[in-house]
Amino acid sequence: AGLQGVFAIEKNADAFSTLKHNLIDTKKHFDWPDWLPIKNHDICQFVTEYKTQLAELNGKIDLVVGGPPCQGFSMAGKRDHTDIRNTMVHYYLDIIEIVKPKYLVLENVHGFTLEFKSDKKKKPYSKIVIDKLHSLGYHVVTKEIKMDEYGVPQKRVRFILIGSLKSDVSGIFDKIEKNCDEFLKSKGLTRKTTVQDAIGDLYKSNGCYE
């Protein structure tokens with residue numbers, strides 16, 4: 001998309017090691033700031049420890065993308081309203097409030113949009129996020145997308161939220177749908193993508209052949 005990455009926050013050491021190898025050491029996707037060690041970080045500590053540095057980024061960031069943990073919301077899991085990981089979404093919102101990017105994207109599972117039966121007094125987390133973003137001045141649109149209809153080799157429904165500080169983004173999902181086939185074609189993919197289509201090249205890259 002022509003964007004230059006600044007940094008990424010990932011708590012798991014193994015996951016960050018993969019990100020570092022692919023997008024920092026190899027692809028040079030990030031112009032990593034000197035004030036942030038290139039390692040895995042806990043977002044809870046990060047927001048507190050680097051609040052001053054984040055504030056200096058206010059108005060300078062085009063896009064913040066986040067996928068808060070989904071385990072506590074997922075219909076495939078225990079769906080526990082007391083799962084501490086559910087609160088991680090608030091740290092995402094803290095970063096948005098401090099940095100005030102021009103645009104933002106948040107992704108989660110279908111359960112993110114539903115009330116917890118065991119805690120009906122609390123509105124769905126999707127509503128909590130939307131209300132907070134509105135209070136910060138963002139225009140927000142959301143949609144639940146069947147990912148297997150967009151070239152992803154998984155039958156999963158994902159809640160996608162897109163926000164803009166100044167622009168009207170009401171037609172963004174229509175544009176995504178309109179451009180989907182052309183985009184997939186440029187990647188050598190189609191709407192209905194198999195696992196072989198998506199990652200079959202990994203088989204050959206490891207010296208294996210059919």
Checklist entry - Should Asp174 and Lys178 count as an ion pair when the cut-off is N to O under 4.0 Å? => result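 Here Asp174 does not pair with Lys178 in a salt bridge, since their nearest N and O are not under 4.0 Å apart.
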
Checklist entry - Are the charged groups of Arg156 and Glu107 less than 4.0 angstrom apart, N to O? => result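 Salt bridge absent between Arg156 and Glu107.
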
Next on the checklist: By the salt bridge (charged side-chain N to carboxylate O under 4.0 Å, His left out) test, which pairs, at least two apart or in different chains, include something from residues 7-21?
Outcome noted: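 Found Lys11-Asp42, Lys20-Asp25.
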
Is the closest side-chain heavy-atom distance between [X] and [Y] below 4.5 Å?
X      : Y      : answer
Asp31  : Phe7   : no
Thr193 : Val152 : no
Lys27  : Asn22  : no

Look at atom [atom1] of [X] and say whether more than 12 heavy atoms of other residues, nucleotides or ligands are closer to it than 6.0 Å.
X      : atom1 : answer
Tyr92  : OH    : yes
Lys192 : NZ    : yes
Lys39  : NZ    : yes

Checklist entry - Going through the checks in order, is the side chain to side chain contact (heavy atoms under 4.5 Å, CB included) test met by Thr142 and Leu161? => result CA-CA 4 Å; Thr142 67; Leu161 178 152; 3.9 Å; yes

Checklist entry - Taking it one step at a time, do Val141 and Ile162 satisfy side chain to side chain contact (heavy atoms under 4.5 Å, CB included)? => result CA-CA 6 Å; Val141 290; Ile162 298 174; 4.1 Å; yes

Item to check | Distance-only donor-acceptor check, side chains Glu177 and Tyr150, under 3.5 Å | outcome: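 Their side chains do contain a donor-acceptor pair, which is all the 3.5 Å distance test asks for.
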
Item to check | Single hit among Leu93, Leu133, Leu165 for side chain to side chain contact (heavy atoms under 4.5 Å, CB included) with Leu104 | outcome: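 When side chain to side chain contact (heavy atoms under 4.5 Å, CB included) is applied between Leu104 and each of Leu93, Leu133, Leu165, only Leu133 qualifies.
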
Checklist entry - Excluding sequence neighbours, so at least two apart, what forms ring pair (Phe, Tyr, Trp, His ring centres under 6.0 Å) with Tyr138? => result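 So Tyr138 forms no ring pair (Phe, Tyr, Trp, His ring centres under 6.0 Å) with any residue.
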
Next on the checklist: Rounded at 0.5 Å granularity, tell me how far CD1 in Ile95 sits from CD1 in Ile9.
Outcome noted: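 One gets 6.5 Å once the value is rounded to the nearest 0.5 Å.
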
